[in-house]
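The model shown is predicted, which means the values in this text are computed figures rather than measured ones.
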Amino acid sequence: MNILWFMCDQLRYDYLGCAGHPHIRTPNFDSVAAKGVRFNHAYCQSPKCGPSRMSAYTGRYVRSHGASTNFAALRVGEPTLGDHLITVGVDPVLIGKTHMNADVEGMKRLGIDEGSDIGIRTAECGFIPYVRDDGLHPHVGKDDPDYFEYVRSHGYEADNPWADLANAAEDENGNVVSGWFMRHARKPARIPAHLSESAYITDRTLQFMQGTLKDRPWVAHVSYIKPHWPFIAPAPYNDMYDSSQVLPAVREDHELAPRNSVVRSFQNEKYSTAFHRQEVRDTVIPTYMGLITQIDDEIGRILDYLKESGQDKDTMIILSSDHGDYLGDHWLSEKQLFHDPSVRVPLIIYDPRDEANKTRGTISDTLVELIDVAPTILEVYSGTPLPHIFEGESLIPALHSGSNTLRDYVVSECDYSEDNARRDLKHGPRECKIRMIADKRWKLVQYEKDYPQLFDRLNDPNELTDIAIEREHQDVLLDMHNKLFEWARNPKANICTSDTRITQSDEAWKFYDSRALAGFPIGYWSEDEFEREVKARSAFLKKKCEEIKEP
């Protein structure tokens with residue numbers, strides 16, 4: 001079986017038709033949900049692109065893989081899903097964005113040639129790059145990116161096709177205007193939809209799938225850049241929706257005076273204060289919705305090809321995003337913090353095998369994390385379970401029987417050392433840590449340098465009121481804090497030694513002292529005592545071996 005793992009950048013969990021949005025059109029997302037499982041409580045491990053993706057690609061929390069900011073490198077030697085797949089004979093292919101920063105210094109230190117197969121995979125987060133396109137960073141590892149060439153090959157000339165064509169428009173006088181300025185969001189991009197980055201990634205995916213017959217199964221990570229800003233879309237997606245379809249902002253006036261200064265600093269960011277204005281929301285959000293529908297249409301092209309080629313019966317489909325977008329909710333924009341619009345993500349999985357027939361079209365309310373995707377994919381290929389490495393858990397039981405995950409809570413982390421909040425609040429780089437822990441009812445957000453936040457999601461599902469200061473909730477605050485401390489005490493740091501390797505010698509220890517026989521007779525008083533015990537243990541071991549007919 002092959003796997004298509006789609007990821008959209010900055011797609012909110014609730015901006016899909018199948019998730020209940022009353023206006024947005026996403027028939028292809030909806031069709032996958034109708035034949036698969038939609039996980040309604042899935043959370044990313046960081047509400048930032050880079051750290052979130054590094055967690056998804058390693059199956060490990062940010063505290064474990066260490067790439068805690070958008071510009072931090074994933075250190076050499078950190079095992080990735082791609083590494084595990086190569087081991088079991090599966091090709092991990094990248095088509096699109098990763099936001100990966102390579103540990104160039106580490107590669108030099110270890111003498112790894114960046115141009116070698118190992119060097120390329122190390123620099124690409126374990127993937128074999130069919131095409132990498134990070135959008136905002138179009139020159140990652142390339143002097144002249146493929147997307148630039150692609151646009152130019154269709155007769156469009158520009159020094160930077162990404163900035164000057166795909167993310168630019170023209171005003172009423174024919175002047176070129178940048179998509180960075182949100183007042184232009186309703187204008188069509190300067191290139192047609194079929195030359196946009198979303199269409200380009202789809203074209204390259206189809207090109208990969210239609211290429212030479214593969215002699216090995218593959219996992220293709222098809223990673224779209226949109227609906228991440230700049231908020232500009234090609235026709236007809238730029239004006240497909242209007243302001244009447246913009247849902248009211250989820251916010252209350254009292255939230256503008258939080259006792260937490262980190263929250264207040266992010267509310268005062270330029271990108272947040274812009275979304276305080278209804279004019280901005282009415283202009284930008286319809287385009288955000290249009291970009292989502294465009295991606296849905298592009299995914300539809302791939303689904304059509306699967307059906308036409310008969311590959312839909314042996315291709316697993318995973319739909320996800322790396323994090324959400326506040327869009328003005330809670331007086332915030334962007335992501336970074338931990339309300340559901342930011343940290344909760346869409347996750348839909350279609351497993352074509354008969355074992356999944358029982359759960360088709362269901363909605364799972366079990367607690368899920370984005371780090372669960374990697375162990376799920378590895379289990380598809382009967383890879384050896386890696387519980388000493390993976391901190392996520394396989395979702396195959398949930399897909400086949402509807403069972404719940406084993407976790408009682410989810411965790412996410414943010415490092416704002418690269419954000420203006422650090423400078424604004426004069427925090428040291430090591431003090432800029434925020435950690436969220438949430439179960440079905442309670443959500444605790446713990447700050448290194450500020451007051452915690454606590455939300456009762458049963459009675460306050462929109463997380464509008466921080467109740468951490470209320471006396472009647474101190475027991476809950478302490479309980480959630482203890483759970484977070486339990487999580488923090490148990491990182492999976494020993495990735496080189498499996499639990500099986502540790503315990504497999506337990507039976508042997510019943511028969512003989514392996515340290516003594518290895519030449520380290522610790523605890524013995526005399527040579528005679530040691531000799532007697534060795535003889536006794538050897539006789540016992542010989543008897544046991546005869547019983548099980550082993551030499």
Exercise. Between F208 and Y130, what is the ring plane arrangement, given parallel below 30°, perpendicular above 60°, and tilted in between?
Worked result: perpendicular
For this session: List in chain and number order the residues that pass side chain to side chain contact (heavy atoms under 4.5 Å, CB included) with D479, two or more places apart in sequence or in another chain; answer none if no residue qualifies.
Result: K483
Problem set entry | Residue pair W331 / S272, side-chain heavy-atom distance below 4.5 Å | no
Exercise. How would you list all residue pairs meeting ring pair (Phe, Tyr, Trp, His ring centres under 6.0 Å) that involve residues 440-459, not counting sequence neighbours?
Worked result: H339-F455, W442-H473
Problem set entry | Heavy-atom closest pair, residues I396 and R353 | CD1-NH2, 3.7 Å
Exercise. CG/D329 to CG/L337 distance, rounded to the nearest 0.5 angstrom?
Worked result: 12.5 Å
Problem set entry | Neighbour count >12 (heavy atoms, 6.0 Å) for atom CG, D117 | no
Exercise. Atom CG in D297, atom CD1 in I295: separation rounded to 0.5 Å?
Worked result: 10.5 Å
Problem set entry | K307, NZ: over 12 other non-hydrogen atoms inside 6.0 angstrom | no
Problem set entry | Closest heavy-atom pair and its distance - L347, L395 | CD2-CD1, 4.0 Å
Exercise. Is any side-chain heavy atom of Y224 less than 4.5 Å from a side-chain heavy atom of T202?
Worked result: yes
Exercise. Which heavy atom in K335 sits nearest to a heavy atom in G324, and how many Å separate them?
Worked result: CB-O, 4.0 Å
Problem set entry | Worked verdict on T405 versus F39 for side chain to side chain contact (heavy atoms under 4.5 Å, CB included) | CA-CA 11 Å; T405 56; F39 292 94; over 6 Å; no
Exercise. Does CZ belonging to R430 count more than 12 external heavy atoms closer than 6.0 Å?
Worked result: no
Exercise. Taking the side chain from D296 and the backbone from F29, do they hold a donor-acceptor pair closer than 3.5 Å?
Worked result: yes
Problem set entry | Residue that, paired with R301, satisfies side chain to side chain contact (heavy atoms under 4.5 Å, CB included) out of N28, T205, D203 | D203
Exercise. Going by the ring pair (Phe, Tyr, Trp, His ring centres under 6.0 Å) test, which pairs reach into residues 381-403, not counting sequence neighbours?
Worked result: H84-F390
Exercise. Do the charged groups of D415 and K433 touch, with an N to O distance under 4.0 Å?
Worked result: yes
Seminar exercise, completed: Checking E255, R251, E463 against H330 for side chain to side chain donor-acceptor pair (under 3.5 Å), the one that qualifies is E255
For this session: May I ask you to say whether R407 pairs ionically with D372, meaning some side-chain N is under 4.0 Å from a carboxylate O?
Result: yes
Exercise. Do the two ring centres, one from H221 and one from F127, sit under 6.0 Å apart?
Worked result: yes
For this session: Calculate, to the nearest 0.5 Å, the distance between atoms OH and OG1 belonging to Y288 and T293 respectively.
Result: 11.5 Å
Problem set entry | P47 side chain reached by S412 side chain, heavy atoms, under 4.5 Å | yes
For this session: Would you confirm whether the ring centroid of Y409 sits within less than 6.0 angstrom of the ring centroid of W487?
Result: no
Exercise. Testing Q45, H65, E391, E78 for side chain to side chain donor-acceptor pair (under 3.5 Å) with R60, which one passes?
Worked result: E78
For this session: Before giving the answer on side chain to side chain contact (heavy atoms under 4.5 Å, CB included), spell out for I225 and S198 the whole-Å C-alpha distance, their side-chain angles and the decisive distance to 0.1 Å.
Result: CA-CA 7 Å; I225 298 155; S198 295; over 6 Å; no
For this session: Any chance you could lay out the side chain to side chain donor-acceptor pair (under 3.5 Å) test for D466 and Q453, step after step, and finish with the verdict?
Result: CA-CA 6 Å; D466 172 15; Q453 293 173 289; 4.8 Å; no
Exercise. Can you find a pair of side-chain heavy atoms, one from Q207 and one from V131, that are under 4.5 Å apart?
Worked result: no
Exercise. Hey, is K35 close enough to D312 for a salt bridge, meaning N to O under 4.0 Å?
Worked result: no
Problem set entry | Sidechain N-carboxylate O distance under 4.0 Å for R25, D30 | no
Exercise. Does R53 come within less than 4.0 Å of D9, counting only side-chain N to carboxylate O?
Worked result: yes
Seminar exercise, completed: Separation between CE (M7) and OG (S321), nearest 0.5 Å, reads 7.5 Å
Seminar exercise, completed: OG (S46) and CZ (F338) are apart, to the nearest 0.5 Å, by 6.5 Å
Exercise. Is the shortest heavy-atom distance from the side chain of V222 to the side chain of I299 under 4.5 Å?
Worked result: no
Exercise. Should I317 and L303 be marked as a side chain to side chain contact (heavy atoms under 4.5 Å, CB included) after you check the CA-CA gap, both sets of side-chain angles, and the distance that decides it?
Worked result: CA-CA 9 Å; I317 297 168; L303 298 182; 3.4 Å; yes
Problem set entry | Full working for side chain to side chain donor-acceptor pair (under 3.5 Å) between E369 and Y61 | CA-CA 10 Å; E369 296 179 311; Y61 291 110; 2.7 Å; yes
For this session: Might you point out which heavy atoms bring G402 and T359 nearest each other, and give the distance in Å?
Result: N-CG2, 3.5 Å
Problem set entry | Inter-residue atom distance Q446.CD - M436.CE, 0.5 Å rounding | 13.0 Å
Exercise. Are the side chains of W218 and I128 in touch, meaning some heavy atoms are under 4.5 Å apart?
Worked result: no
Problem set entry | SB check R63 E413 (cutoff 4.0 Å) | no
For this session: Applying side chain to side chain contact (heavy atoms under 4.5 Å, CB included), run through L454 and Q474 and close with a yes or a no.
Result: CA-CA 10 Å; L454 181 68; Q474 294 310 295; over 6 Å; no
For this session: Determine yes or no for a side-chain-to-main-chain donor-acceptor pair under 3.5 angstrom, with D456 supplying the side chain and D460 the backbone.
Result: no
For this session: Would you indicate whether I118, at its atom CD1, is surrounded by more than 12 heavy atoms from other residues, nucleotides or ligands within a distance under 6.0 Å?
Result: no
Problem set entry | Check against side chain to side chain donor-acceptor pair (under 3.5 Å), N70 and E418 | CA-CA 8 Å; N70 274 341; E418 292 173 349; 5.6 Å; no
Donor-acceptor pairs are to be reported for all side-chain atoms of residues 13-20 against protein atoms at under 3.5 Å, with residues two or more places apart or in another chain.
{"residue": "D14", "atom": "OD1", "partner": "R12", "partner atom": "NE", "Å": "3.0"}
{"residue": "D14", "atom": "OD2", "partner": "R12", "partner atom": "NH2", "Å": "2.9"}

Problem set entry | Residues forming a side-chain hydrogen bond (donor to acceptor under 3.5 Å, both in side chains) with T80, sequence neighbours excluded | D83
Exercise. Does the side chain of N2 come under 3.5 Å of the side chain of Q311 through a donor N or O and an acceptor N or O?
Worked result: no
Problem set entry | For N462, side-chain hydrogen bond (donor to acceptor under 3.5 Å, both in side chains) partners two or more places apart | none
For this session: Give the minimum heavy-atom separation between H323 and C49, together with the two atoms involved.
Result: NE2-SG, 3.2 Å
For this session: Check whether any side-chain heavy atom of L370 lies under 4.5 Å from a side-chain heavy atom of S320, and answer yes or no.
Result: yes
Exercise. Which heavy-atom pair separates D322 from C44 by the least distance, and what is that distance?
Worked result: O-CB, 3.2 Å
Problem set entry | Presence of salt bridge, D133 and R204, under 4.0 angstrom | no
For this session: Determine whether I437 and H481 make a side-chain contact, defined as any pair of heavy atoms from C-beta on separated by less than 4.5 Å.
Result: no
